[in-house]
Amino acid sequence: MPRVDPSTPEGARAALTTMWTIRRFEEALEDLYSRGLLHGTNHLSIGQEAVAVGVCGALEEGDLITSTHRGHGHCLAHGADPMRMMAELLGRVDGYCRGRGGSMHIADVDAGNLGANGIVAGSMTIAAGAALSMRMQGRDAVVVCFFGDGAANEGSFHEALNLAGVWGLPVLFLCENNQYGMSMSQDSSTAGGSVAARGAAYGIEGRRIDGNDLDAVHAAAAEAVAGVRAGGGPALLEAVTYRYRGHSKSDRNLYRTLDEIESWRNERDPVDRFEAAAVASGRLTAEDVDAVRAEARDLLRDAVQRAVRSPEPTVDDLDGAAYAGRSTAAVA
Amino acid sequence: MTVRSMIETIRLTLEDEMARDERVMVLGEDVGTQGGVFRATEGLKARFGADRVVDTPVAEAGIIGASIGLATAGMVPVAELQFLGFAHQAFHQIGFQLARFRYRTLGRFPLQVTIRAPYGGAVHAPELHSDAFEGMLANAPGLKIVAPSTAADARGLLTSAIRDPDPVLYLEPLRGYRLVRDEVPDDEHLVPIGTARIARPGRDVTVLAWSFQVVNALEAAEAAAEEGIEVEVVDVRSLVPLDETTIAESVSRTGRCVVVEEAPRTAGFGAELTSTVQELCFLDLEAPIARLAGWDTPYPMPLLEKDYIPGTARILDAVRRTVAF
């Protein structure tokens, strides 16, 4: 059974809570960054929450995911504790990887998150291999490979789909199409104009879905996962969504208009839409929605407060880190 | 001469070379409309048009492979890799196609290609955005590698790279993009590839460094001078080909040598330098050659990068030990 069924009141509440948790998590990162507490850059998924929550909610315990540079939502939706995630991004010892992974290489091994990846399409063949491993060991698990529209133009995308297709692997390729690979629109970067259509070349059925409609994402993912789990071979979904923020901190949004961003935010926001749909269908009340928002806010407030108190790693922490049983201490 | 930042100088030099030679073109991720994530190509699309300033999909092997094809057919591409860490996606195209065309075709396809790539640490960026991978590509015969540490050299070496008949990997220090500012010639300026530069003369010990480590080495030299140690800092700046003459002359004169690099220690380019100095200067050496490098781990989290990268303190310490030996 899928972990979350948003068609029920309990499932709708759980899904909305995770969506708000993701959004508050991303906003907390912006705040920490502006206060100089968070270093480097970050890739925020605000506006894309329905994809992560809809897909991961359709999975079962034991299923695996691989993630991307814009993967905070995937990680949280697949079961990560926001405090340990925040500690990871702050580079502290209570993080999932003791701070080594950070935003772009976080892995939550216990939850079955094989890892985000700082290289576009870097996880795709890894997902195929993990799926082969599941099948060889007779395990009933499915691997979900999240990737972006930009990744579909890397060679690894084609190698991964071909391997999965030719070996009939239990993997769902989940394209989170936020319509821009950095500054390049999908129209200007992607021949044929569709990632979903590329599945046909590898014998994989591809479908394009509304990635900002949580119910639709969940339904499509649940159906695809069921088919994959039943031995039907790989599947491909292209969830069309939109990122409100820039690609990363350096992005000045020169390649799109403010009107375009505003229209997505005001008219097609996935959180707004799911709240309205859940209330209209009687799954949630307006009071439930308020309670969920408050819950997510408090959860993140607590996570940030505890994460910033987590100790910083020391040089000794990296001893032996790259090999089994070998010291890698600094040599002056 | 005008005082300019390194990033501004790179942008200006690209513009000058594109104006001088209409075969010169720029391609890469976000280089056109966005003007590059670090703004190295800002304004070029407006001046030269989308045909010569090409925004590519996220496809590094495609960017370099296309550059090879462009050069075989007479264009002069300057490809940008957004970070050197993304070069792995194009590793075979850079090291084993681009670098080998001259050899394979008896020189009929010399491939006048420049690859620009920001790299190096101390900017709080994660692994793959900070690692120093130059040593991996120095092992690919046919590819030249340069790494300026001043804005003036950034101009001189980029001009030379673009005009060089062979492919050149041009490494830009992320840490120095805006931090490094110095007097840059306004007119055409070439620094011959294959020449090192004495960045600071001194008689007691030679420090060999390149890219941003030259800045750290000069700081360490200042501190050492207060202790009465005169450090000669040699900016290697051209890794392949290497200016063995300048390096050997310096070390033979000082008798002592410290090699500094940011990469993991094992098989880093510093090992190549150390070996070269040992071969050329054996009888003049008064102390073992000291090697400073990162650790044999991936690039660490921001909180530890100051320990990972050989900074001023570690260089100064190695200078003292080498002089006291």
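Naming convention: chains lettered A, B, ... in sequence-line order (proteins, then strands); numbering from 1 in each chain. Given the structure is predicted, the values throughout are model-derived calculations rather than measurements. Computation of the quantities below employed the complete heavy-atom set of this structure, encompassing side-chain atoms and omitting hydrogens, waters and symmetry-equivalent molecules.
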Self-check item: Atom group of A/Ser103 that falls short of 4.5 Å from chain B, counting heavy atoms
Solution: neither
Quiz item: Does B/Asp30 use its side chain to pair, donor to acceptor, with the backbone of A/Ser183 at less than 3.5 Å?
Solution: yes
Quiz item: Hey, does B/Tyr308 have a side-chain heavy atom less than 4.5 Å from the side chain of A/Val315?
Solution: no
Exercise. May I ask you to name which of B/Ala59, B/Pro310, B/Pro302, B/Pro126 has the most heavy-atom pairs under 4.5 Å with chain A?
Key: B/Ala59
Self-check item: Residues in residues 81-95 of chain B near chain A [non-hydrogen atoms, under 4.5 Å]
Solution: B/Gln82, B/Gly85, B/Phe86, B/Gln89
Quiz item: If you check every heavy atom in residues 67-76 of chain A against those of chain B, which residues fall under 4.5 Å?
Solution: none
Quiz item: Are the side chains of B/Val58 and A/Asn153 in touch, meaning some heavy atoms are under 4.5 Å apart?
Solution: no
Quiz item: Under the salt bridge (Lys or Arg N to Asp or Glu O under 4.0 Å) test, which residues partner B/Asp204, sequence neighbours left out?
Solution: none
Exercise. Could you pull out the closest heavy-atom pair between B/Asp296 and A/Ala322, with the gap in Å?
Key: O-CB, 3.5 Å
Quiz item: Is there a side-chain contact between B/Gln34 and A/Asp251, using heavy atoms and a 4.5 Å cut-off?
Solution: yes
Quiz item: Hey, does A/Met184 have a side-chain heavy atom less than 4.5 Å from the side chain of B/Thr56?
Solution: no
Self-check item: Heavy-atom contacts under 4.5 Å, residues 34-43 of chain A to chain B
Solution: A/His39, A/Gly40
Quiz item: Checking heavy atoms, do the side chain of A/Met104, its backbone, both or neither come under 4.5 Å from chain B?
Solution: side chain
Exercise. Decide yes or no for A/Pro313 and B/Met301: does some side-chain heavy atom of the first lie under 4.5 Å from some side-chain heavy atom of the second?
Key: yes
Quiz prompt | Interatomic distance, B/Glu42 atom CD to A/Leu254 atom CG [nearest 0.5 angstrom] | solution = 8.0 Å
